[in-house]
Amino acid sequence: MTEPQVLPIADDKDVVRVRQAVRVIALAAKLPLVDQTKLVTAASELARNTLIHGGGGHATVEQVHNGRRAGVRAEFVDTGPGIADLGLAFTDGYTTGSGLGLGLSGSRRLVDEFDIVTAPGEGTRITVTKWAR
Amino acid sequence: MTEPQVLPIADDKDVVRVRQAVRVIALAAKLPLVDQTKLVTAASELARNTLIHGGGGHATVEQVHNGRRAGVRAEFVDTGPGIADLGLAFTDGYTTGSGLGLGLSGSRRLVDEFDIVTAPGEGTRITVTKWAR
Amino acid sequence: MDRVPVLKIGEILLVSIQIDLDDQSALQLQEDLSDRIVETGAHGVIIDISALEIVDSFIGRMLSTIAAVSRVLDAETVVVGMRPAVAITLVELGLSLNGVRTALNVDKALAILAETRQIRGVGLLRVSGSDDVPE
Amino acid sequence: MDRVPVLKIGEILLVSIQIDLDDQSALQLQEDLSDRIVETGAHGVIIDISALEIVDSFIGRMLSTIAAVSRVLDAETVVVGMRPAVAITLVELGLSLNGVRTALNVDKALAILAETRQIRGVGLLRVSGSDDVPE
Ligand SMILES: Nc1ncnc2c1ncn2[C@@H]1O[C@H](COP(=O)(O)OP(=O)(O)O)[C@@H](O)[C@H]1O
Ligand SMILES: Nc1ncnc2c1ncn2[C@@H]1O[C@H](COP(=O)(O)OP(=O)(O)O)[C@@H](O)[C@H]1O
């Protein structure tokens, strides 16, 4: 098992680095190819949100185990404006920016576990997990 | 001015990383494009020698200044077998491996300063410098 | 910045995306392609994404935008080589590549482009031999 | 490992190298290309290196080897898009790209390949319009 990896998210290139780190760990955890692809795609969406909507922050990526299965967990943390209306934010196509409004709703569909902690003015913390089969 | 960067040379991918590090510093030192290209090419040859002939080692890359001009210095160090006959080693086309035998002779032509310290059984240290015009 | 080459092959522009594009580089490619369409008068754009391990909403939007802009400039866009895992993920993400035509490979894309052009009465790129494309 | 896509365009294989290849990946590309030539019966190989910031002796040798192997397999290789700084550096390094034909761009390479093939009496890839290539 590897150490949790902490990666800054301060610019475009950091989003690419987060994708790559998640891929490496998903490979190590032996996620099937399709699940690797789903997790990396979700991570890309969430890391971009941390950058664009959260004003930057960091990601923590690690291999996890629940006793039965291995998996990969990724957490995205920012101290930005937070999200006031989660129902709205998770609506396909809803965006306050210039995105497609699929990041939150879509990435939730792509992972096995999705946890969000946010409040106006208190930043956003999203944790996602994908388990090997 | 930046800190000297020390990079391990233990596999193929490390050679790529050395090239990229040299490029970044050559850009920072404002070397003209052709000189960047020459220096990065020389670094690639020498890093590969460190890996293949020297059995691995490390590179140190840094920006330097001689009072009049900025430049980039790269050093390649290994604790491998060393080179017994330098005259032969610097002959175009001479190789004890499967290379083209252009690494030493060619990279010497590509840089402004080339310094080599080596002895049989005592490893090899090559330092090259390219100055901005 | 990483820049993806745009190759001109007859009246076609071909782009093979091999690097994990950051958002800035994706926008740059979008711009480069538009410029090259105008500059060359190309009538077809083929984008090979066989090397891409993921397509997220940003890259997806780039592909849609390229297709839309090309159309305005009288060029057809075909995306080739999408990996199955990427296609599955796109569907689950909810991303429909609006207005983007896809094909299995470059030859099939050329056939599609040749047909489209035939309708408009312009010859494009003929591939001789067993892979003959109707002109 | 990073793998460079080999695209089939009619009877031509096109490779656009965009990543800083480590030695292992360069050998892999060499192998992939040979395999694809045999598999497709391609008669021409175009290698675009416009994105390459350097060509060192290892990549140079890869290009020469690809050209030599292609020839044995009855295919011609043309390298396109070499940057001027790379060309200057290659000369100073002492590297002669033995047996490697070069061209400014893909269209010019297609013209070269079409001519070579014409001599041998095989049609290849015809580009219609202003860039007409003799068949
Ligand atoms: N980390 C975040 N901090 C603050 N707001 C966010 C964050 N992530 C998402 N949001 C809000 O939720 C909306 C929907 O997000 P998403 O579904 O990812 O679409 P998009 O990013 O394309 O706008 C965003 O437009 C933004 O208003
Ligand atoms: N770091 C090194 N340690 C030991 N021997 C070396 C080293 N670098 C070069 N040599 C020797 O010098 C020869 C010539 O090197 P070079 O000109 O770079 O050509 P090539 O690497 O293609 O063999 C090598 O074949 C090797 O015998």
Side-chain angles (χ1 to χ4, degrees), chain C residues 1-21 25 29 32 36 40-44 46-53 78 80-83 103-111 113-114 117-118 121-133 135, chain D residues 1-21 25 29 32 36 40-44 46-53 78 80-83 103-111 113-114 117-118 121-133 135:
Chain C
M1 199 181 44
D2 296 323
R3 209 140 174 171
V4 181
V6 177
L7 303 176
K8 177 173 173 298
I9 307 180
E11 295 185 19
I12 306 274
L13 296 180
L14 174 70
V15 174
S16 170
I17 307 178
Q18 287 164 35
I19 49 179
D20 195 342
L21 289 175
S25 303
L29 172 58
D32 286 350
R36 289 296 298 278
T40 61
H43 287 307
I46 299 178
I47 304 178
D48 165 58
I49 61 168
S50 61
L52 285 193
E53 290 173 335
V78 184
V80 306
M82 188 186 293
R83 300 183 180 190
L104 209 60
N105 54 41
V106 175
D107 273 355
K108 296 234 157 61
L110 283 173
L113 292 172
R117 279 293 132 182
Q118 188 195 17
V122 183
L124 200 68
L125 194 62
R126 200 181 68 170
V127 180
S128 71
S130 54
D131 285 307
D132 240 320
V133 158
E135 221 181 348
Chain D
M1 199 182 44
D2 296 324
R3 208 140 173 171
V4 180
V6 177
L7 303 176
K8 177 174 172 295
I9 308 180
E11 295 184 20
I12 306 274
L13 297 180
L14 175 70
V15 174
S16 170
I17 306 177
Q18 287 164 36
I19 49 178
D20 195 342
L21 288 175
S25 304
L29 172 57
D32 286 352
R36 289 295 299 279
T40 61
H43 287 307
I46 298 178
I47 303 178
D48 166 59
I49 61 168
S50 61
L52 286 194
E53 289 173 335
V78 185
V80 307
M82 187 185 293
R83 300 183 180 190
L104 210 61
N105 55 40
V106 175
D107 272 356
K108 296 236 158 59
L110 283 174
L113 291 173
R117 278 294 132 180
Q118 189 195 16
V122 183
L124 200 68
L125 196 63
R126 201 181 67 171
V127 179
S128 72
S130 54
D131 285 307
D132 240 322
V133 158
E135 217 181 353

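All values below come from the heavy atoms of this structure, side chains included, with hydrogens, waters and symmetry mates left out. Just so we're on the same page: letters track the sequence lines, and every chain starts at 1.
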S.K.: Under a 4.5 Å cutoff for heavy-atom pairs, which residue among V80(C), N105(C), L14(C), I46(C) has the most contacts with chain D?
M.R.: L14(C)
S.K.: What heavy-atom pair brings V106(C) and K8(D) nearest, and what distance separates the two atoms?
M.R.: CB-O, 3.5 Å
S.K.: I17(D) versus chain C, heavy atoms under 4.5 Å apart: side chain, backbone, both or neither?
M.R.: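 Backbone of I17(D) only, per the 4.5 Å heavy-atom cut-off to chain C.
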S.K.: Keeping Q18(D) on the side-chain end and S16(C) on the backbone end, is there a donor-acceptor pair under 3.5 Å?
M.R.: yes
S.K.: Under 4.5 Å heavy-atom distance to chain C, tell me which part of D48(D) shows up: side chain, backbone, both or neither.
M.R.: side chain
S.K.: Can you tell me how far apart CG (L13(C)) and CZ (R36(C)) are? Round to the nearest 0.5 Å.
M.R.: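 The distance works out to 6.0 Å.
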S.K.: Taking side chain as everything from C-beta outward and backbone as N, CA, C, O, which of these in S50(D) sits under 4.5 Å from a heavy atom of chain C? Side chain, backbone, both or neither.
M.R.: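 Contact with chain C is through the side chain of S50(D) alone.
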S.K.: Hey, is the main chain of L110(D) close enough, under 3.5 Å, to the side chain of K108(D) for a donor-acceptor pair?
M.R.: no
